[in-house]
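Proteins come first, then strands; the chains are lettered A, B, ... in the order of their sequence lines, and each starts at number 1.
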Amino acid sequence: MEMLSVKNIGISFGGLQAVDSFSITINKGELYGLIGPNGAGKTTVFNLLTGVYKPDMGQIFLEGENITGLSTIEINKAGIARTFQNIRLFKNMSVLDNVKCGLHNNYKYSSASGILRLPSYFKTERIMNEQAYEILKVFDLDKEAKLLSSNLPYGKQRKLEIARALATNPKLLLLDEPAAGMNPSETEELMDTIRLVREKYDVTILLIEHDMKLVAGICEKIFVLNFGVKLANGLPQDVLNDPEVIKAYLGE
Amino acid sequence: MKAQLVKMKSQVQKLNRSTRSNVITIGVIVIAYTICMSMIKAGNMSNLLQNLLVAMCYYAIMAVSLNLTVGILGQLSLGHAGFMCIGAFTGAFFSKIMVGTIDNVLIRFTLAILIGAAMAGLFGVLIGIVVLRLRGDYLAIVTLAFGEIIKNVLNVLYIGYDSRGIHFSVNDTASLNLEEGGMVIIKGAQGISGTPRNSTFTIGVILLILTYLVIVNLINSRSGRAIMAIRDNHIAAESIGIDITKYKILAFSISAALAGVAGVLYSHNIATVQSTKFGYNTSILILVFVVLGGMGNLRGSIIAAILLTVLPEYLRFMRDYRMLIYAIVLIVMMIFNWAPACVNWRKKHSLKGFIDNKIRKKAKEEA
């Protein structure tokens with residue numbers, strides 16, 4: 001079953017065609033990798049998928065539903081959540097509150113019942129706390145729940161960002177360089193976490209990564225992007241041995 | 001089972017800690033209030049200070065409410081006095097019309113406060129929709145402009161009241177065309193005079209506590225988290241589905257409504273309300289309270305507002321040098337208030353820290 005189906009999307013900034021006729025189909029439950037040299041347009045693809053940029057052409061379907069041109073908020077509600085290349089946590093809030101922000105649209109009560117402390121406030125907050133702790137436990141962050149998120153070590157901040165994205169209960173999770181800046185053992189741990197998340201939350205994952213070990217280790221399919229156009233697409237062993245791909249990365 | 005118990009316990013402890021901190025703050029306000037009242041009864045308080053008591057309350061409410069916009073929402077607003085102005089004029093207008101109709105002072109004043117807050121909140125929504133698309137310096141300049149617009153419109157506005165209803169004019173009293181026996185209520189630059197002076201220190205303190213509770217409860221709720229998420233990173237907030245426009249306007253209008261409350265308190269404490277009072281200087285003064293007290297720190301805002309309201313009055317003996325000394329004191333406070341050594345000293349000697357320690361020690365002994 002198709003989770004995400006992207007048909008010929010493209011965008012240009014001034015004279016630069018950042019992404020050109022990008023098409024990809026991701027099936028439910030797949031773990032897809034999106035790779036490419038620096039400046040290939042990978043993050044632009046993420047920004048197109050999440051509505052930060054509106055595509056000049058093409059269409060995006062999530063589970064058959066057309067989500068082209070929707071706002072970031074509507075796309076998140078439709079079921080796409082993402083993390084960022086440069087970590088974007090809510091720095092002055094606790095780890096727990098970061099996750100509870102992710103739960104924002106799943107559990108609701110009005111602002112007035114929050115201010116007046118009506119019973120619905122206590123009831124919903126209790127459920128939110130339980131949910132948030134459950135998610136934090138999966139990422140082994142429950143002991144740091146009260147800590148300010150900016151005081152977490154780098155690797156855990158990356159994990160918390162994934163936890164916050166998962167709290168929105170997405171169908172499709174987009175991870176933008178989750179292993180950037182991590183040492184080999186941290187990367188190893190992250191790979192385990194990503195596998196665990198996929199099993200436990202039943203999400204489809206598309207990730208951008210430069211760490212070939214991680215990509216080859218967990219991705220089931222790989223899409224290679226270069227100068228905004230497709231270079232290769234398929235199984236990891238085929239793609240990574242493709243002479244065109246090697247040329248793009250290493251030169252002739 | 002055991003893990004669940006531990007989890008529940010930690011949740012209870014968290015709830016306790018934030019509630020405890022609020023109880024302490026409100027407790028300190030109530031104790032300060034009791035001391036002031038007993039001093040007045042015993043005749044120990046100078047006239048100077050007695051006249052300042054209500055002013056402290058409305059400035060503290062202004063500071064706490066501006067902190068919601070500046071510290072919690074993270075948007076710089078330089079027109080906060082404009083909302084106070086709307087609250088002051090609306091509240092005074094209502095009281096003057098109703099002075100013969102509603103005899104019960106408490107009911108009339110409560111209604112005046114609610115109407116003043118609602119009107120200021122309404123303007124908060126209207127102005128918020130327009131200005132909150134902007135950020136940073138641009139937002140600051142536009143809010144400054146709106147504050148001045150409100151002040152200047154009220155400076156030329158004439159409103160009268162007779163049996164046929166309410167009449168408006170921007171020219172003079174004569175063009176209101178009032179019937180005989182009609183009453184001119186807002187007289188342009190002369191403002192409103194003769195508002196019943198219903199504001200008392202007790203009402204001021206009650207309103208201050210209510211304002212504090214509204215903002216604290218808002219911060220610790222789902223909406224408050226959304227507001228702070230926007231402050232910390234609006235791109236990430238959008239990516240997890242938080243409606244940025246909605247929560248910006250919500251915070252801005254609640255802040256405006258509470259400024260309106262302070263305005264009603266002000267207008268019922270003074271013989272004549274004139275719009276020139278609510279200019280740029282007042283907005284900046286409130287911002288100084290917020291910055292000195294600490295962004296996002298409600299308790300700090302209250303303390304800063306009280307200290308800086310009292311200080312210039314006590315510097316009156318310096319005559320011409322008064323504002324000079326005030327400025328120097330302000331600079332010194334700004335430099336040293338958030339110095340690490342000073343922050344540590346405050347932490348060590350704070351009432352909250354003291355009580356927290358006591359509770360921790362007791363828990364240890366029991367264990």
Side-chain angles (χ1 to χ4, degrees), chain A residues 50-52 71-78 80-84 87-94 96-117 121-122 124-126 128-130 133-134 137 142 145-146 149-150 161 164-165 167-170 174, chain B residues 3-4 6-15 17-19 22 68 71-74 210-247 249-251 253-254 257-258 294-297:
Chain A
T50 53
V52 176
S71 73
T72 311
I73 298 162
E74 287 165 324
I75 287 178
N76 178 264
K77 284 180 183 165
I80 299 183
R82 72 174 291 186
T83 66
F84 296 88
I87 301 176
R88 289 183 183 275
L89 286 174
F90 305 133
K91 285 183 185 156
N92 298 314
M93 297 168 78
S94 72
L96 181 67
D97 280 351
N98 266 271
V99 177
K100 279 164 91 177
C101 280
L103 294 168
H104 184 82
N105 285 324
N106 297 342
Y107 299 97
K108 289 186 179 175
Y109 58 85
S110 70
S111 308
S113 56
I115 291 173
L116 300 172
R117 292 283 145 107
Y121 163 83
F122 291 102
T124 320
E125 281 289 306
R126 205 181 56 235
M128 282 175 112
N129 269 332
E130 281 166 10
Y133 267 102
E134 218 164 87
K137 210 164 263 172
D142 52 325
K146 303 281 169 53
S149 67
S150 55
E161 225 193 359
R164 186 183 65 192
T168 65
N169 197 16
L174 308 180
Chain B
Q4 243 172 355
V6 170
K7 196 172 79 184
M8 267 171 64
K9 210 173 173 188
S10 74
Q11 277 164 20
V12 166
Q13 265 169 357
K14 191 210 164 194
L15 198 74
R17 204 177 301 157
S18 79
T19 333
N22 295 339
L68 178 60
I72 312 295
L73 180 63
L210 285 177
T211 308
Y212 178 82
L213 278 177
V214 164
I215 296 182
V216 158
N217 285 355
L218 178 72
I219 291 173
N220 293 315
S221 75
R222 173 175 167 272
S223 316
R225 279 194 300 271
I227 291 166
M228 289 187 287
I230 295 167
R231 170 194 67 190
D232 280 1
N233 200 315
H234 65 97
I235 293 173
E238 229 175 1
S239 86
I240 54 169
I242 290 173
D243 190 338
I244 291 190
T245 317
K246 176 183 158 190
Y247 285 103
I249 291 171
L250 178 80
S253 54
I254 290 178
L258 293 172
M295 296 276 188
N297 184 344

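Between B:Arg225 and A:Glu125, at least one side-chain N (NZ, or NE/NH1/NH2) sits under 4.0 Å from a carboxylate O, which counts as a salt bridge.
With chain B as partner, the option from A:Asn98, A:Val52, A:Asn76 having the largest number of non-hydrogen pairs under 4.5 angstrom is A:Asn76. Listed options A:Arg164, A:Arg82, A:Glu74, A:Glu161 were ranked by heavy-atom pairs under 4.5 angstrom with chain B; first place goes to A:Arg164. Most heavy-atom pairs under 4.5 Å with chain B: of the set A:Ala167, A:Gly114, A:Ser71, this distinction falls to A:Gly114. Between chain A and the residues B:Ala237, B:Gly296, B:Gly241, B:Ser223, the most heavy-atom pairs under 4.5 angstrom are made by B:Gly241.
Here CD1 of B:Ile240 is found 9.0 Å from CG of A:Leu103. Values are rounded to the nearest 0.5 Å. Taken to the nearest 0.5 Å, the OG atom of B:Ser221 stands 10.0 Å off from the NZ atom of A:Lys100. Rounded to the nearest 0.5 angstrom, B:Met295 CE and A:Asn92 CG are separated by 12.0 Å. One finds the CG atom of B:Asp243 at 11.5 Å from the OG1 atom of A:Thr72 (value rounded to the nearest 0.5 Å).
For the pair A:Phe84/B:Ile235, a side-chain contact is recorded, criterion being any heavy-atom separation below 4.5 Å from C-beta on. By the 4.5 Å heavy-atom criterion applied to side chains, B:Asp232 and A:Met93 are counted as neighbours.
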**Request:** Given side chain to side chain contact (heavy atoms under 4.5 Å, CB included), test A:Phe90 with B:Met228 step by step and report yes or no.
**Result:** CA-CA 8 Å; A:Phe90 305 133; B:Met228 289 187 287; over 6 Å; no
**Request:** Dump the intermediate steps for side chain to side chain contact (heavy atoms under 4.5 Å, CB included) on A:Arg117 and B:Asn217, then the final yes or no.
**Result:** CA-CA 7 Å; A:Arg117 292 283 145 107; B:Asn217 285 355; 3.4 Å; yes
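When all heavy atoms are compared, the tightest approach of B:Ala236 to A:Arg88 is CB-O, 3.4 Å. Closest of all the heavy-atom pairs between A:Ser111 and B:Leu250 is OG-CD2, 3.6 Å. A pairwise comparison of heavy atoms in B:Arg222 and A:Tyr107 identifies NE-O, 3.1 Å as the closest pair. Heavy atoms only, all atoms of each residue included: B:Ile242 and A:Ile73 are closest at O-CD1, 3.5 Å.
Proximity to chain B (any heavy atom under 4.5 Å) is shown, for A:Ile75, by neither the backbone nor the side chain. When heavy atoms are compared at a cutoff of 4.5 Å, B:Ile244 approaches chain A solely by way of its backbone atoms N, CA, C and O. For B:Ile219, no part lies under 4.5 angstrom from a heavy atom of chain A.
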